[in-house]
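For reference, the structure is listed below as structure tokens.
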Amino acid sequence: MSVVHQLSAGWLLDHLSFINKINYQLHQHHEPCCRKKEFTTSVHFESLQMDSVSSSGVCAAFIASDSSTKPENDDGGNYEMFTRKFVFRPELFDVTKPYITPAVHKECQQSNEKEDLMNGVKKEISISIIGKRKRCVVFNQGELDAMEYHTKIRELILDGSLQLIQEGLKSGFLYPLFEKQDKGSKPITLPLDACSLSELCEMAKHLPSLNEMEHQTLQLVEEDTSVTEQDLFLRVVENNSSFTKVITLMGQKYLLPPKSSFLLSDISCMQPLLNYRKTFDVIVIDPPWQNKSVKRSNRYSYLSPLQIQQIPIPKLAAPNCLLVTWVTNRQKHLRFIKEELYPSWSVEVVAEWHWVKITNSGEFVFPLDSPHKKPYEGLILGRVQEKTALPLRNADVNVLPIPDHKLIVSVPCTLHSHKPPLAEVLKDYIKPDGEYLELFARNLQPGWTSWGNEVLKFQHVDYFIAVESGS
């Protein structure tokens with residue numbers, strides 16, 4: 001399980017364990033080295049047999065077939081079969097130290113507050129820093145709102161996190177820094193943008209046969225050996241088998257978990273998801289929110305609030321659907337979700353949770369009171385409110401009411417925007433055997449449908465390592 005400890009304050013999660021519960025084992029056929037290989041531009045599939053898969057995508061385990069079997073090749077000879085097991089690279093969760101250490105010198109704030117803050121008038125605060133001369137800092141209204149919000153939730157974050165961290169230290173999941181000193185970790189080599197999936201989405205819009213394919217779903221069955229790369233674009237791709245499949249797309253390999261589906265497209269090409277003829281009981285959204293750092297870095301594209309509001313949630317959501325939206329600490333975005341976005345989708349806000357990011361030793365990754373970056377992010381949970389009384393799926397199954405102000409505490413992945421899994425923390429508040437959807441996803445999960453223009457990003461095999469092999 002990815003839940004290491006559960007208390008009234010929330011959950012301590014092990015994100016790495018969740019990924020590795022899929023337990024990827026790859027069967028590969030080894031041909032004699034003298035056999036010539038043919039070049040092809042097709043997408044190839046290799047399979048991994050699954051022993052069991054949870055319907056909610058919580059866990060999956062895979063087993064290889066008998067490694068002593070040697071199936072025949074086209075020439076009547078025998079292949080040699082060997083098994084390779086893959087796990088997610090543990091160094092990507094090796095966060096031994098905070099990203100920013102607390103300042104050595106103490107800050108003493110002396111405020112000159114102006115009376116009228118409601119009109120957006122800027123407020124000047126004189127900050128004296130020991131060892132430095134006084135300087136005048138001007139906070140805009142957005143920063144003042146963020147400071148006020150932080151003051152309200154600070155004790156909640158601090159007290160709840162410390163309770164969970166203490167449990168993690170007691171159990172040995174977290175460990176004091178001196179117990180496992182960093183012995184000069186090697187630099188991490190990562191795939192270069194994983195063959196630019198977002199650029200492929202843009203190119204796919206100009207393919208001539210897309211209109212004919214938009215109403216089709218591509219099902220990858222056991223017997224599939226290859227399909228063309230064009231077949232994957234702007235279509236919902238399903239792996240309904242009991243096997244994990246490995247596909248090669250533009251020369252890059254990706255792992256597809258069993259019982260998973262995905263649509264590789266951008267927001268302008270969501271029609272195949274609507275044509276999928278499914279509605280979803282849980283929808284998790286991780287929008288690319290607009291902010292200043294994103295503009296400066298040009299690291300990834302972002303969407304305006306209006307563009308996010310145009311996502312067709314009412315057509316994708318089942319009655320009483322639980323909607324979970326990841327949000328930054330910018331108060332403008334929080335207000336937008338609560339006051340505009342959710343009401344426009346007929347969604348009622350029911351809870352606000354927080355993801356708290358810590359190191360392997362239990363420290364916040366940023367100082368809790370840092371004026372720049374906080375060690376937490378928000379999740380806004382809501383329920384779809386139906387205007388007409390429609391029958392609910394599994395209406396006889398009782399689910400608990402969603403509590404407010406829960407914490408999800410975990411060591412974050414060092415990869416940008418690789419959020420922790422929510423399947424296990426949500427299981428008490430959703431009906432079993434439902435349909436689950438993640439929007440703006442960057443990875444796949446068994447039992448989930450995932451959509452986004454980088455939906456396969458963290459399925460790239462370079463994010464995994466082979467830990468054992470056999471023949």
Side-chain angles (χ1 to χ4, degrees), residues 99 140-143 145-146 149 190-205 234 262-271 273 283-313 316 323-345 347 352-355 357 365-366 370-382 412-420 422 437-443 450-460:
Y99 300 145
N140 60 36
Q141 187 60 48
E143 292 168 331
D145 291 343
Y149 176 77
L190 297 175
L192 296 176
D193 198 21
C195 84
S196 301
L197 293 172
S198 58
E199 293 180 13
L200 290 178
C201 291
E202 188 65 30
M203 293 167 53
K205 297 178 186 179
L234 303 181
F262 71 90
L263 170 62
L264 177 63
S265 76
D266 63 22
I267 196 170
S268 67
C269 299
M270 294 189 70
Q271 190 61 38
L273 195 58
I283 300 177
V284 176
I285 313 175
D286 185 13
W289 295 104
Q290 179 179 345
N291 61 59
K292 292 179 180 179
S293 63
V294 169
K295 285 184 177 181
R296 286 194 299 265
S297 66
N298 198 27
R299 181 166 50 190
Y300 62 92
S301 59
Y302 57 84
L303 296 180
S304 68
L306 180 60
Q307 289 173 307
I308 295 173
Q309 196 168 352
Q310 291 172 348
I311 298 172
I313 293 298
L316 295 170
L323 193 66
V324 183
T325 302
W326 289 95
V327 62
T328 66
N329 292 311
R330 192 175 180 186
Q331 295 304 293
K332 179 180 179 181
H333 296 153
L334 281 167
R335 286 195 298 268
F336 169 70
I337 293 176
K338 296 177 180 179
E339 300 173 8
E340 298 182 48
L341 186 64
Y342 275 16
S344 72
W345 290 339
V347 173
E352 182 175 346
W353 291 0
H354 298 279
W355 172 35
K357 293 170 272 189
V365 295
F366 293 106
S370 168
H372 305 294
K373 287 191 175 182
K374 297 291 190 291
Y376 57 82
E377 296 182 31
L379 302 88
I380 308 300
L381 292 78
C413 182
T414 56
L415 300 173
H416 174 69
S417 201
H418 197 357
K419 297 294 198 301
L422 299 178
L437 172 67
E438 183 174 6
L439 301 178
F440 303 100
R442 295 174 181 86
N443 62 284
S450 304
W451 165 81
N453 64 352
E454 294 184 314
V455 71
L456 298 178
K457 184 178 179 68
F458 299 137
Q459 299 302 131
H460 195 286

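In this text the structure is predicted, and so the values were computed from the model without any measurement. Numbers here simply count residues along the sequence, with the first being 1.
At a threshold of 4.5 Å between non-hydrogen side-chain atoms, the residues Phe366 and His372 do not count as touching. Contact annotation: the side chain of Leu273 approaches that of Leu437 to within less than 4.5 Å [non-hydrogen atoms, C-beta and beyond].
Within the model, atoms OG of Ser450 and CG of Leu263 stand 10.0 Å from one another, a figure rounded to the nearest 0.5 Å. For the atom pair NZ (Lys332) and CD (Gln290), the distance works out to 6.5 Å, reported to the nearest 0.5 Å. In this structure, the separation between NZ on Lys374 and OG1 on Thr328 is 12.0 Å, given to the nearest 0.5 Å. Note that CG of Leu334 and CG of Asp145 are 10.5 Å apart. Values are rounded to the nearest 0.5 Å. The CG atom of Leu323 sits 4.0 Å away from the OH atom of Tyr342 when rounded to the nearest 0.5 Å. The line from OH of Tyr99 to NZ of Lys357 is 7.5 Å long, rounded to the nearest 0.5 Å.
Using a 30° and 60° split on the angle between ring planes, His418 and Phe458 fall in the parallel class, below 30°. Trp289 and His333 have parallel rings, their planes meeting at less than 30° on a 0 to 90° scale where 60° marks the start of perpendicular.
Counting all heavy atoms, side chain and backbone alike, Pro305 lies closest to Phe336 at O-CZ, 3.3 Å. Scanning both residues, Asn443 and Glu438, for their nearest heavy atoms gives O-OE1, 4.5 Å. Considering all non-hydrogen atoms of both residues, His354 and Gly378 come closest at ND1-CA, 4.2 Å. Of all heavy-atom pairs spanning Ser268 and Asp266, the tightest one is OG-OD1, 2.6 Å. Here the closest heavy-atom approach between residue Asp286 and residue Ser417 is recorded as OD2-OG, 3.4 Å. Nearest heavy-atom pair across Gln309 and Trp345 is O-NE1, 3.2 Å.
More than 12 heavy atoms of other residues, nucleotides or ligands sit less than 6.0 Å from atom NZ of Lys338.
The residue from Ile308, Ile311, Thr325 that alone fulfils the side chain to side chain contact (heavy atoms under 4.5 Å, CB included) condition with Leu439 is Ile311.
Not counting sequence neighbours, the partners of Gln307 by the side-chain contact (heavy atoms from CB on, under 4.5 Å) test are Leu303, Ser304.
Annotation: cation-pi pair Lys419/Trp326 present, NZ/CZ under 6.0 Å from the ring centroid and within 45° of its normal.
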>> Set out, in order, the CA-CA distance, both residues' side-chain angles and the distance that settles side chain to side chain contact (heavy atoms under 4.5 Å, CB included) for Leu341 and Ile380, then state yes or no.
In response: CA-CA 11 Å; Leu341 186 64; Ile380 308 300; over 6 Å; no
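The backbone N or O of Asn329 sits less than 3.5 Å from a side-chain atom of Gln331, completing a donor-acceptor pair.
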